[in-house]
Participant: 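Structure in structure tokens, see below.
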Amino acid sequence: MLGYVCDVSSDPDYVTSYRNHVRELVENEDEDVAMQQAIGGEFAAIGFLEQELLRSEGLHPHSSLVDIGCGSGRLACQLGTWMKGPYLGLDVVQDLLDHAARITERPDWNFQLAPGLTVPVLDSSVDMVSAFSLFTHLLHEETYRYLEDIFRILRPGGKLVFSFLEFSIPSHWSVFETNLAAIGTTGVLNQFMSRDAIELWASRIGFEPPRFFDGDRPHIPLSRRVELESGQTYEGLGALGQSVAVLVKPAPAATAFGVTADLDDERPA
Ligand SMILES: C[S@@+](CC[C@H](N)C(=O)[O-])C[C@H]1O[C@@H](n2cnc3c(N)ncnc32)[C@H](O)[C@@H]1O
């Protein structure tokens, strides 16, 4: 009889693989080094670039931000010095969350274990959501579930900014080669996504058509020069390496008198 292979582990792969990844680093490295390597290194430079990108997309001191896959606080510790609005960081690894909370020094901010592929906040309540190098570790179906819930929590006009890997960017090929070398092993997944999939998902869920930025072309306006540990420098404009997608939840149309028009309103005949 034909059958399906059944995975009987209780946690999804993204939880077990990332927890194992962090545990191995913690066993073999100094804690600070492990916490920085666990999310890809270049802690100061990439955190700064992520922050500059969010600011260029409209994040301001009183915005509310949900940072999904916040890791060890690479972005949060940059934001913590100037952002006054509420911040929620979600991740699946408690050690990373603890580190993020410690270095960010913002007792008013929340760092929580992700409850699944959902975000534990009210509908239409958040200005911006970031997900840097998160969907790169999820199956497409898992990403889609997150996108649906992100749409639910964003206020009309709110934005999701996320990074992704794609085949059309030559510098992403080395990641695919790493995947090829890792066939048959159990490790962290490095998922690629296509722009047409992102466009289709965005349209089915209700987002406006996405905007994209190539990962290998500087596009992030910088308030200062950035130097990576690799020696690469950015002046004026920077790039994360991964490509970036920006998805906006549509705002209701304003009328000529500045009053919001709800097209579903029942009007007297
Ligand atoms: C490459 S790191 C990026 C961390 C952070 N966004 C940054 O740019 O510094 C990916 C993070 O996603 C987290 N992660 C993986 N699956 C997740 C999920 N389903 N929900 C929330 N976080 C997840 C991992 O634990 C890890 O901290």
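Remember, it's 1-based here, ligands and their atoms both numbered in the order they're listed. Reckoned from all heavy atoms, side chains included, excluding hydrogens, waters and symmetry mates.
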Participant: Are any of the N or O atoms of E50 closer than 3.5 Å to those of ligand 1?
Facilitator: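 Right, the criterion is met.
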Participant: Parallel, tilted or perpendicular, judged at 30° and 60°: which one describes the rings of F164 and F162?
Facilitator: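 Tilted.
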Participant: Any nitrogen or oxygen of D67 lying under 3.5 Å from a nitrogen or oxygen in ligand 1? Just yes or no.
Facilitator: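 By distance alone, the answer is no.
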Participant: Which residue holds the protein heavy atom closest to atom 13 (C) of ligand 1, what is that atom called, and what is the gap in Å?
Facilitator: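 Ranked first by proximity to atom 13 (C) of ligand 1 is D91 OD2, 3.3 Å.
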Participant: Under a heavy-atom criterion of less than 4.0 Å, does F43 contact ligand 1?
Facilitator: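 No, F43 has no heavy atom closer than 4.0 Å to ligand 1.
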Participant: Find all atoms of ligand 1 within a distance of less than 4.0 Å from any non-hydrogen atom belonging to H137, and give their numbers and elements.
Facilitator: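 That gives atoms 1 (C), 10 (C) of ligand 1.
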Participant: Just distances here: any N/O of G69 and N/O of ligand 1 closer than 3.5 Å?
Facilitator: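 Among all N and O atoms of G69, at least one is under 3.5 Å from an N or O of ligand 1.
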Participant: Considering only protein heavy atoms, which is closest to atom 15 (C) of ligand 1, and at what distance to one decimal place?
Facilitator: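 Checked against all protein heavy atoms, atom 15 (C) of ligand 1 sits closest to V92 CG2, 3.8 Å.
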Participant: Is any NZ, NE, NH1 or NH2 atom of the basic residue among R225 and E227 found under 4.0 Å from an Asp or Glu carboxylate oxygen of the other?
Facilitator: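 A salt bridge links R225 with E227.
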Participant: Kindly say whether the aromatic ring centers of H137 and Y18 come within a distance under 6.0 Å.
Facilitator: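 Yes, the ring of H137 comes within the 6.0 Å limit of the ring of Y18, centre to centre.
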Participant: Check E142 against ligand 1 and report side chain, backbone, both or neither, counting heavy atoms closer than 4.0 Å.
Facilitator: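 Answer for E142: neither.
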Participant: Compute the minimum heavy-atom distance from L138 to ligand 1 and say whether it is under 4.0 Å.
Facilitator: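 L138 counts as a contact of ligand 1 under the 4.0 Å cut-off.
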Participant: Checking a contact table here: which protein heavy atom is nearest atom 17 (C) of ligand 1, and how many Å away?
Facilitator: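 Checked against all protein heavy atoms, atom 17 (C) of ligand 1 sits closest to L134 CD1, 3.5 Å.
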Participant: Can you check whether R74 has an N/O within less than 3.5 Å of an N/O in ligand 1?
Facilitator: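 Yes: some nitrogen or oxygen of R74 is under 3.5 Å from one in ligand 1.
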Participant: Can you list the ligand 1 atoms lying under 4.0 Å from a non-hydrogen atom of F132?
Facilitator: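 The list of qualifying atoms is 3 (C), 5 (C), 6 (N), 8 (O).
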